[in-house]
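Naming convention: chains lettered A, B, ... in sequence-line order (proteins, then strands); numbering from 1 in each chain.
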Amino acid sequence: MPELPEVETIAWTLRRALIGKTFLSADLRWPRTLAAPSPAAFKKRLKGQQITSVSRRAKFLDLQLSDAHLLIHLRMSGDLLVVLGGYQPAKHDRLIAKLSEDTSLIFSDPRKFGRIWLVDDPVEILGELGPEPFSEAFTPDWLYSALHLRRRQLKPLLLDQTFLAGLGNIYTDEALHLAKLHPLSASDSVTKKQAKGLWRAVREVLEEGIRHNGASIDWVYRGGDFQNHFRVYGQTGKPCPVCGTTIERITVGQRGTHYCPQCQVRANPKNPVQ
DNA sequence: CACGAGACCTGTTCGC
DNA sequence: TGCGAACAGGTCTCGT
C-alpha cells in the first residue's frame, strides 16, 4: 500500500499516539514478519523500552526507543493501528504489541510481505537508501547528474530506492506524467530542463499526496483521498486531464504503468521514434 | 551494469 | 454461477 505520503501520514498518526508509551509485551503471530533479531531476542529486548520519537525514512517507519530502533516496512499490504483498551486479534494481525496506558500497537498485513527489525543503529537497514525528495540533497542539478550517471529506463530508476527514496508505483507514474516524460525513456537522455521539471514534479505529487493524507485503494489503507486526484494511475482508457488523449497501460519492470501517449513522448537516442 | 523473471503471500476483480 | 487468470501501493535474488 504505502509510498512516501502514506507512510508520512502514518508516522504523523503514530507520533501523536505513541510517544512516551512503553512496550510491555509482544505477540508475534507470523514469525517471518520479524526480520531481526530472533523472536525470543525481540520480545526480551522490546519489553520495557519507551518510544521517544517516530520518523520516516523512505518507506520505513523508524520508532526510536530508549535503547534501540524499531523499523517497520509495510511493503504492499501492511498497516498499523493503535487501539485503546481490550483488543480481539483479527485475521491478518502479524504482531500485536501491548504498551503502557492500556494501548496496543497492531501490525496487520494480509499478504505477509511487511517486515520489522529491532536494531541498535538504523543505518544497518537504511544505509543504502538514496536521498529524501524533500531534503536539501535532492536538487535539480543532483537529479540531472544522477540520471546521467546511469543509463536506465526512467520508471524503474525512479522506483529504485537506492536512487531516490520514497517513490512507488503510483507517485512515479504521476510524477512522470506531470513532467511529460515517458516511463521508458533512457535516464541519460533527459535534458537539464527536463530534469528540473522532473525534480519539481516529484516534489509536487508527493506534496499533493501528503496534503490528501495519502491514497486509499481497496481494503488496505483508509484515511487519505489522493486516489480521487490521480491523473494517470489507474486511469487506463480515460482521457488525459491535460490533452484528452486516452491513457494507456503498459508493463514496465513488471509493474503496471500508466501514461499519456501524447504528453509523454519517449526520448531515447537509440530509438528516437516513439 | 541493466533487465526480465521468479519468489514471497492473500485477496479481489476480470473474462469467458 | 463458476472458475481460473490477472492483478494489487514492494523488494529481493538469480540468470542472461
Side-chain angles (χ1 to χ4, degrees), chain A residues 1-10 29-36 56-61 71-80 90-95 107-117 125-130 146-176 183-189 205-206 208-210 212-237 249-258 268-271:
Chain A
M1 134 198 136
E3 302 180 36
L4 187 153
E6 290 75 34
V7 180
E8 184 70 33
T9 302
I10 291 168
R29 304 168 73 85
W30 179 257
R32 295 193 64 175
T33 293
L34 188 61
R56 177 198 59 74
R57 172 77 171 104
K59 302 169 192 171
F60 289 83
L61 288 158
L71 301 177
I72 303 169
H73 199 303
L74 304 164
R75 294 279 173 91
M76 290 288 263
S77 62
D79 200 3
L80 286 164
K91 186 175 181 183
H92 302 303
D93 293 351
R94 308 306 178 199
L95 176 73
F107 178 68
S108 165
D109 185 21
R111 292 180 70 179
K112 301 176 175 173
F113 289 163
R115 289 293 179 269
I116 294 174
W117 298 257
I125 310 301
L126 312 178
E128 303 301 310
L129 291 168
L147 288 170
H148 283 256
L149 282 177
R150 328 207 193 177
R151 182 179 183 76
R152 291 181 60 184
Q153 298 170 336
L154 280 178
K155 171 148 179 179
L157 183 56
L158 291 174
L159 285 173
D160 183 342
Q161 301 296 296
T162 68
F163 178 77
L164 180 64
L167 288 177
N169 209 33
I170 293 176
Y171 294 91
T172 300
D173 281 4
E174 294 294 323
L176 286 171
L184 292 174
S185 290
S187 58
D188 64 352
S189 71
V205 297
L206 292 174
E208 203 180 352
I210 290 170
H212 289 278
N213 297 315
S216 316
I217 302 178
D218 299 334
W219 76 102
V220 187
Y221 178 74
R222 291 162 301 281
D225 71 329
F226 185 55
Q227 70 280 6
N228 298 321
H229 303 271
F230 292 161
R231 296 168 179 85
V232 287
Y233 183 84
Q235 308 304 303
T236 314
R249 181 191 183 282
I250 56 175
T251 298
V252 180
Q254 305 182 145
R255 309 301 301 276
T257 298
H258 316 75
N268 181 332
K270 283 184 171 176
N271 307 292

Integer angstrom distance from the P of C/dG9 to that of B/dC14:
15 Å

Centroid under 5.5 Å and tilt under 30°, A/Phe113 to B/dC8
yes

Ring centres of A/Phe226 and A/Tyr171 under 6.0 Å apart?
yes

Any base atoms under 4.0 Å from A/Gln254, or only sugar-phosphate, or nothing? Heavy atoms, all strands.
base

When you compare B/dG6 with C/dA5, how far apart are their P atoms, in angstrom units rounded to a whole number?
15 Å

What is the pairing partner of C/dG9, taking Watson-Crick or G-U wobble pairs with both distances under 3.5 Å in any strand?
none

When you check the phosphate oxygens OP1 and OP2 of C/dG9, does a side-chain N or O of A/Lys59 lie under 4.0 Å from one of them?
no

Could you work out the separation of B/dC9 and C/dT13 based on their P atoms and round it to a whole Å?
15 Å

4.5 Å side-chain heavy-atom contact, A/Pro183 and A/Leu154:
no

G-U wobble or Watson-Crick pairing nucleotide for B/dC9 (cut-off 3.5 Å, both distances)
none

Determine whether a donor-acceptor pair (one donor, one acceptor, N or O, separation below 3.5 Å) exists between the side chain of A/Arg111 and the base of C/dA8.
yes

Look at all strands and tell whether A/Arg94 reaches a base, only sugar-phosphate, or nothing, counting heavy atoms closer than 4.0 Å.
nothing

Is A/Tyr171 touching bases, backbone alone, or none of the nucleic acid, heavy atoms closer than 4.0 Å?
nothing

What are the two closest non-hydrogen atoms of A/Leu4 and A/Ala165, and how far apart are they?
CD1-O, 4.0 Å

A/Phe60 versus A/Leu129: any side-chain heavy-atom pair under 4.5 Å?
yes

Base, sugar-phosphate, or nothing: which does A/Arg115 touch, judged by heavy atoms less than 4.0 Å apart?
nothing

